[in-house]
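No hydrogens, no waters, no symmetry mates; every other heavy atom, side chains included, goes into these values. Just so you know, these numbers come straight off a predicted model, no measurement behind them.
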Amino acid sequence: MLVGAGCALLPGRLDWAGAVDWPRVALLAFLHACWESLAQGLPTPCLRAARRLRDALRRGGRPALRADQLPSGPGSFLPVLFAGVLMLPPAAAALVALPAAVTGAEADRLRRAFNAAQFALAAWTASAVFRALAGPRLLLGARYPAELLPAFAAVLAFCLVNGVLVAGIRLLTEPPAACCARLPSRVLAALPGPAAVLHALGGLLMAVLWQGPYGAFAAVLALLPLSISAWVMAQGHRERAAHRATVEALVQAVELKDSYTRGHSERVGRASVLIAGQLGIAGERLRTLHFAGTLHDVGKLGVATELLRRNGPLTEAERRAVEVHPEYGHELVRGIDFLGEAHAGILHHHERMDGRGYPHGLAGERIPEFARIIAVADAFDSMTSTRSYRRGRPVGEAVAELRRCAGSQFDPAMVEALVVAVDRHGWQPVLPGPEQQDAAVPDIPLGVPEPARGAR
């Protein structure tokens with residue numbers, strides 16, 4: 001990237017650099033930085049600079065946001081960068097990517113440098129491919145649809161270089177087994193998707209208009225619809241991030257009460273998603289189910305800590321006090337509108353198919369679908385995790401127990417969906433922590449009556 005960018009600084013004409021239109025490079029780099037900030041849901045660099053100046057002039061004024069206080073954005077806005085790829089020599093196209101990375105929201109400087117190199121190298125390669133296929137000559141002559149072939153080849157080169165760099169850095173930072181397992185999905189992600197094609201068409205439209213009689217003004221005006229779309233997506237991303245933060249805060253409060261269930265909420269949410277994937281649940285409903293699984297035990301905030309941490313058996317009155325936690329949880333989250341269908345999942349996740357569950361004794365299909373999914377996910381993680389009253393059991397033993405109870409306690413369809421998902425994606429049982437290894441935790445096989453821990 002540095003070598004390619006350095007070529008643009010050399011005097012004279014180079015075969016692959018060409019004559020550099022510096023005002024165009026500067027304007028494209030500025031526009032790319034502004035629109036990238038817009039897509040991240042951030043103020044533009046100019047606005048941020050103005051705020052810093054205002055705060056510096058005010059005595060005791062509120063300081064401007066630091067980079068590590070800025071929210072992370074949903075993605076990149078690439079039409080301006082693609083327009084630079086089509087209109088500029090490779091090294092100059094690489095320079096267009098740099099200001100956005102330097103002024104971005106990423107707090108880690110090393111990661112910010114990687115992002116700059118990643119987009120600069122991708123832009124350099126895409127511009128080189130476009131020129132190797134005589135793209136500029138076709139662009140100047142507005143020869144369509146012949147112009148679309150080199151433009152699409154440039155987009156493909158951009159996505160491939162970007163994908164290879166991202167996969168390479170993850171190969172270096174992730175465990176080899178996890179990285180290899182995700183390799184096929186990452187190869188597919190490197191191919192141009194609908195968003196990349198839309199951004200490429202925006203870049204092509206911008207390049208054509210820029211070279212027309214109205215110049216840069218018409219090109220920027222053409223970006224208006226895509227800009228509005230990017231801004232709306234950024235707002236949606238920020239709203240979803242706020243939802244996740246709300247859920248994580250509630251879960252953290254629950255797990256502070258009982259160290260033995262630490263991580264349980266997150267794993268139940270993950271197992272619920274695995275089951276839902278086999279059932280064809282997707283989109284917003286899948287996201288809501290993940291929230292429901294993660295928050296299923298939020299009602300334990302209303303249960304006495306002493307009962308949750310008790311190692312010995314509970315009395316009948318204490319067991320009833322613990323079994324109220326689904327209703328407590330429903331009351332706690334009832335006012336959170338974005339949870340929607342999750343409310344029913346939280347309230348009914350201890351119902352049984354034979355009607356012997358609680359709190360309302362629902363049976364069969366009367367139990368909400370989310371609750372039937374969470375019941376299986378909750379039991380599976382409970383059996384494979386070490387608790388204060390029993391050591392975790394192997395996955396095979398837990399699956400056998402789920403199948404034994406299918407039809408009476410659990411929905412058989414949900415059990416089989418979990419079994420298929422675990423076979424396909426695997427499941428790592430939770431090993432006891434150091435403080436739990438030293439404790440005298442009973443090693444009780446499944447199917448043997450446990451101490452009266454109804455809610456666990």
Side-chain angles (χ1 to χ4, degrees), residues 243-273 275 287-311 313-353 355-363 366-383 385 387-389 409-411 414 450-456:
H243 293 171
R244 284 196 300 273
T246 301
V247 171
E248 288 169 3
L250 288 170
V251 169
Q252 189 174 20
V254 173
E255 295 187 346
L256 282 174
K257 296 194 71 169
D258 187 0
S259 61
Y260 270 95
T261 60
R262 191 164 297 159
H264 170 67
S265 301
E266 188 273 333
R267 292 192 300 273
V268 172
R270 181 152 42 93
S272 299
V273 169
I275 296 172
R287 179 169 164 268
T288 304
L289 174 62
H290 184 234
F291 284 154
T294 306
L295 287 174
H296 73 286
D297 272 345
V298 68
K300 287 184 177 177
L301 287 171
V303 178
T305 304
E306 187 273 334
L307 295 181
L308 297 176
R309 295 182 177 180
R310 177 82 60 81
N311 286 327
L314 303 176
T315 65
E316 184 61 23
E318 291 170 338
R319 186 180 64 81
R320 284 199 298 271
V322 174
E323 288 181 351
V324 178
H325 79 275
E327 294 173 281
Y328 284 163
H330 183 255
E331 286 298 314
L332 276 171
V333 302
R334 189 172 57 177
I336 303 179
D337 293 336
F338 71 82
L339 289 178
E341 198 176 351
H343 293 135
I346 293 169
L347 178 61
H348 295 293
H349 73 275
H350 276 296
E351 305 284 3
R352 293 172 52 112
M353 294 296 286
R356 296 169 55 202
Y358 59 90
H360 296 161
L362 302 181
R366 293 185 61 200
I367 304 173
E369 185 180 29
F370 276 18
R372 284 179 275 143
I373 293 174
I374 295 170
V376 174
D378 184 23
F380 179 68
D381 182 69
S382 297
M383 288 188 284
S385 304
R387 299 299 184 88
S388 60
Y389 52 93
Q409 184 174 353
F410 305 116
D411 186 332
M414 307 307 175
E450 301 169 357
R453 308 280 304 186
R456 296 206 172 191

State, to 0.1 Å, how close [X] and [Y] come at their nearest heavy-atom pair, and which atoms those are.
X: Gly357; Y: Glu351; answer: C-OE1, 3.8 Å
X: Ala292; Y: Phe370; answer: CB-CD2, 4.3 Å
X: Gly302; Y: Tyr328; answer: O-CE1, 3.3 Å
X: Leu289; Y: Ser272; answer: CD2-O, 3.6 Å
X: Asp411; Y: Met353; answer: N-CG, 3.5 Å
X: Ala321; Y: Leu307; answer: CB-CD1, 4.0 Å

### Task
Side-chain contact test, heavy atoms from C-beta onward, threshold under 4.5 Å: evaluate it for Val322 versus Leu314 and give yes or no.
yes

_If you define the side chain from C-beta out and look only at heavy atoms, does anything of Leu347 sit under 4.5 Å from Pro359?_
yes

Separation between [atom1] of [X] and [atom2] of [Y], rounded to the nearest 0.5 Å:
X: Ile373; Y: Phe410; atom1: CD1; atom2: CZ; value: 14.0 Å
X: Ser382; Y: Arg267; atom1: OG; atom2: CZ; value: 9.0 Å
X: His348; Y: Tyr358; atom1: NE2; atom2: OH; value: 13.5 Å
X: Thr305; Y: Lys300; atom1: OG1; atom2: NZ; value: 11.5 Å
X: Arg244; Y: Thr246; atom1: CZ; atom2: OG1; value: 10.5 Å
X: Leu332; Y: Leu250; atom1: CG; atom2: CG; value: 7.5 Å

Counting only N and O atoms by type, is there a donor-acceptor contact under 3.5 Å from the side chain of [X] to the main-chain atoms of [Y]?
X: Glu318; Y: Thr315; value: yes
X: His330; Y: Ala344; value: no
X: His343; Y: Gly340; value: yes
X: Gln409; Y: Arg352; value: no

*asked:* Centroid separation under 6.0 Å, is that true for the rings of His350 and His360?
replied: no

Check your understanding: Can you check whether His296 and His264 have ring centres sitting under 6.0 Å from each other?
Key -> yes

Electrostatic pair Glu323:Arg320 at N-O distance under 4.0 angstrom: no

Discussion item. Please determine whether a side-chain nitrogen of the Lys or Arg among Glu369 and Arg372 lies less than 4.0 Å from a carboxylate oxygen of the Asp or Glu.
Written reply: no

Practice problem: Please test Thr288 against Leu339 for side chain to side chain contact (heavy atoms under 4.5 Å, CB included), starting from the C-alpha separation and ending with a verdict. | Solution: CA-CA 6 Å; Thr288 304; Leu339 289 178; 5.6 Å; no

Will you find, in the side chains of Arg270 and Thr294, an N or O donor that is under 3.5 Å from an N or O acceptor? no

Can you tell me if Glu331 has over 12 outside heavy atoms packed within less than 6.0 Å of its CD? yes

- Query: Stepwise, does the side chain to side chain contact (heavy atoms under 4.5 Å, CB included) test hold for Asp297 with His325?
  - Reply: CA-CA 7 Å; Asp297 272 345; His325 79 275; 3.3 Å; yes

request  = I would like to know whether Ile346 and Val333 meet side chain to side chain contact (heavy atoms under 4.5 Å, CB included); could you show each step before the answer?
outcome  = CA-CA 9 Å; Ile346 293 169; Val333 302; 3.8 Å; yes

